[in-house]
Q: 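Questions regarding the structure given below will be posed in turn.
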Amino acid sequence: MPDRAPQPVDRQLPTDEARDLISLVRDIAQREIAPRAAEEEDAGRFPREVFTLLSESGLLGLPYDSEYGGGDQPYEVYLQVLEELAAARLTVGLGVSVHSLSCHALANYGTKQQQVEHLPEMLGGGLLGAYCLSEPSSGSDAASLRTRAVRDGDEWVIDGTKAWITHGGIADFYTVMARTGEDGPRGISAFLVPGDAPGLSGAAPEKKMGMKGSPTAQVHFDGVRVSDERRLGEEGQGFAIALSALDSGRLGIAACAIGVAQAALDEAVAYATGRQQFGRPISDFQGLRFMLADMATQIEAGRALYLAAARLRDAGRPFAKQAAMAKLHCTDTAMKATIDAVQVLGGYGYTADFPVERYMREAKVLQIVEGTNQIQRMVIARHLAGPEVHRTG
């Protein structure tokens with residue numbers, strides 16, 4: 001079966017610097033990430049050395065201020081970097097997105113002193129972050145979280161359990177939302193907690209359907225003490241900080257989803273143009289050609305949608321509705337594209353000899369993380385029709 005190398009995505013990038021950046025990312029992806037992706041995912045191995053390389057290459061802080069070690073890149077460029085990384089291995093692309101999410105609170109709500117003290121190491125010092133909002137009993141209903149921080153002089157004592165934490169147990173720092181006041185969203189504050197804080201521990205990683213190389217675990221806080229200097233923003237502002245971070249994080253998930261979908265399409269095209277049946281390539285058959293055409297169209301639409309939302313963000317305009325739309329469309333597209341790629345490959349697609357079965361297993365989680373797609377539909381509807389009216393009696 002002849003090989004048909006996939007053509008790189010033809011990207012519209014705003015500067016020559018951005019084009020050079022994408023070239024660097026593609027080189028790292030081809031040399032350091034993609035060749036070992038299948039083997040390491042099967043073994044459940046987290047590629048920490050890849051994240052060290054990305055940090056050394058300036059790729060872990062792209063959308064943040066260069067004053068603190070960031071890359072000064074607009075979100076439309078950063079997201080396309082994520083897409084390239086996720087196409088090579090979702091564990092890496094999603095990991096970079098989560099790391100960026102975990103830096104958001106400090107970069108946007110921290111004091112100047114906090115930023116000077118912590119951001120350089122977080123953005124370019126080889127550290128890896130995690131974002132702690134969800135809990136065993138509060139996922140979509142994040143405002144009901146129970147992890148509590150109680151003030152004790154100049155310190156806060158944190159007790160509780162966070163769940164479904166990417167990089168849980170291996171992160172160097174955690175951005176943690178904890179209850180400091182009344183029930184509901186106004187009683188939550190944000191904290192920057194070091195990964196080696198006494199009383200902080202990670203449970204055994206969850207056994208997942210896909211993304212086995214990315215550790216997802218509960219994180220336990222048992223009398224963890226942090227100084228008030230590690231509180232981010234005002235007391236009671238934590239939920240607003242969390243929602244602000246998630247708007248941006250959803251765009252990261254959308255870009256990762258398109259990366260996985262593009263990888264699946266590339267594999268399907270390569271197989272279809274090389275596989276002979278009835279004396280000709282199966283790509284000659286109209287039913288299959290239409291499947292490939294539909295996959296490509298939805299991927300291009302998803303890419304345009306997340307980039308349009310990113311450009312709104314870069315311009316300082318509201319983008320929450322568009323971020324929810326992008327997350328919804330792109331992750332649904334990834335799920336459909338990976339299912340169709342398995343179908344194109346037929347029996348081979350169902351085996352681990354080809355990567356499309358892994359892509360299909362990985363795509364599913366993207367419809368769940370950082371707000372399920374049902375939550376995205378609720379967000380979009382609220383922008384269109386206002387909040388729901390709850391009647392009793």
Side-chain angles (χ1 to χ4, degrees), residues 32-33 40 44-65 68-71 82 85 91-111 113-134 147 149 155-156 158 160-178 190-206 211 213-227 229-232 241-242 245 249 252:
E32 305 293 339
I33 302 174
E40 292 189 348
R45 183 181 179 278
F46 180 70
R48 183 60 193 255
E49 72 284 354
V50 169
F51 286 86
T52 300
L53 174 61
L54 294 176
S55 181
E56 293 171 348
S57 304
L59 299 176
L60 284 191
L62 287 176
Y64 294 111
D65 196 328
Y68 304 111
L82 283 187
L85 292 173
T91 285
V92 175
L94 186 69
V96 173
S97 180
V98 167
H99 176 82
S100 181
L101 180 71
S102 67
C103 296
H104 181 277
L106 176 58
N108 290 277
Y109 295 90
T111 65
Q113 180 179 345
Q114 289 174 322
Q115 291 169 349
V116 168
E117 183 176 355
H118 300 295
L119 265 184
E121 277 196 302
M122 291 164 60
L123 298 180
L127 301 186
L128 186 66
Y131 180 80
C132 294
L133 177 62
S134 295
T147 295
E155 293 183 319
W156 293 87
I158 305 176
T161 296
K162 295 295 182 177
W164 310 111
I165 305 304
T166 300
H167 306 153
I170 68 167
D172 299 300
F173 65 91
Y174 297 82
T175 296
V176 180
M177 306 301 159
F191 298 90
L192 181 65
V193 181
D196 60 357
L200 188 155
S201 62
E206 306 288 351
M211 285 194 67
S214 175
T216 304
Q218 290 190 354
V219 178
H220 303 299
F221 299 83
D222 184 10
V224 174
R225 288 183 171 269
V226 295
S227 69
E229 294 174 353
R230 283 182 169 268
R231 175 175 46 81
L232 303 175
I241 292 173

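Side chains are part of it too, since the values below use all heavy atoms of this structure and drop only hydrogens, waters and symmetry mates.
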Q: To the nearest 0.5 Å, what is the distance between CE (M177) and CD1 (I241)?
A: 6.0 Å
Q: For Q218, check side-chain contact (heavy atoms from CB on, under 4.5 Å) against everything at least two apart and list the hits.
A: P136, T161, A163, A203, E206, H220
Q: Treating S55 as the side-chain partner and G126 as the backbone partner, does any N or O pair qualify as donor plus acceptor under 3.5 Å?
A: yes
Q: Quick check for you: to the nearest 0.5 Å, what is the distance between L85 atom CG and T91 atom OG1?
A: 12.0 Å
Q: Where do A149 and I158 come nearest, in terms of heavy atoms and distance?
A: CB-CG1, 4.0 Å
Q: Nearest 0.5 Å, please: how far is OG in S201 from CZ in F221?
A: 9.0 Å
Q: List the residues meeting side-chain contact (heavy atoms from CB on, under 4.5 Å) with E49, not counting sequence neighbours, and say none if there are none.
A: R36, E40, R45, P47
Q: When you measure from the side chain of D222 to the backbone N and O of G199, does any donor-acceptor pair fall under 3.5 Å?
A: no
Q: Tell me every residue that passes ring-ring contact (aromatic ring centres under 6.0 Å, His included) with F46, counting only those two or more places apart in sequence or in another chain.
A: F51, H167
Q: Taking all heavy atoms of L200 and all of P194, pick out the closest pair and write down the distance.
A: CD1-O, 3.8 Å
Q: If you take all heavy atoms of I165 and A130, which pair is closest and at what distance?
A: CG2-CB, 3.9 Å
Q: Please find the pair of heavy atoms, one from S97 and one from G249, that lie closest to each other, and give the distance.
A: OG-O, 4.2 Å
Q: Let's go through Q114 and L232 carefully: what are the C-alpha distance in whole Å and the side-chain angles of both, what is the deciding distance for side-chain contact (heavy atoms from CB on, under 4.5 Å) to 0.1 Å, and is it a yes or a no?
A: CA-CA 9 Å; Q114 289 174 322; L232 303 175; 3.9 Å; yes
Q: Quick one: side-chain contact (heavy atoms from CB on, under 4.5 Å) partners of S227, sequence neighbours excluded?
A: E229, R230
Q: Should T166 and S214 be marked as a side-chain contact (heavy atoms from CB on, under 4.5 Å) after you check the CA-CA gap, both sets of side-chain angles, and the distance that decides it?
A: CA-CA 7 Å; T166 300; S214 175; 3.7 Å; yes
Q: What's the separation between atom CG in L53 and atom CZ in R48, rounded to the nearest 0.5 Å?
A: 12.5 Å
Q: When you measure from the side chain of K162 to the backbone of L133, do you find a donor-acceptor pair of N or O atoms at a distance under 3.5 Å?
A: yes
Q: For Y131 and V98, work out which heavy atoms get closest and say how close.
A: N-CG1, 4.5 Å
Q: Given Q115, which partner from the list Y64, Y109, Y68 fulfils the side chain to side chain donor-acceptor pair (under 3.5 Å) test?
A: Y68
Q: Tell me if a side-chain donor or acceptor on T147 pairs with a main-chain N or O of G160 at a distance below 3.5 Å.
A: no
Q: How long is the span from the OH atom in Y174 to the SG atom in C132, to the nearest 0.5 Å?
A: 6.5 Å
Q: Going by ring-ring contact (aromatic ring centres under 6.0 Å, His included), name the residues that satisfy it together with F191, two or more places apart in sequence or in a different chain.
A: W156
Q: F173: what forms a ring-ring contact (aromatic ring centres under 6.0 Å, His included) with it, not counting sequence neighbours?
A: H99
Q: So, applying side-chain contact (heavy atoms from CB on, under 4.5 Å) with L60, which one of V96, T52, L127, L123 is it?
A: V96
Q: First locate atom CG of D172, then atom CD of E121, and finally report the distance between them rounded to the nearest 0.5 Å.
A: 9.0 Å
Q: Shortest non-hydrogen contact from V50 to E32?
A: CG2-O, 4.0 Å
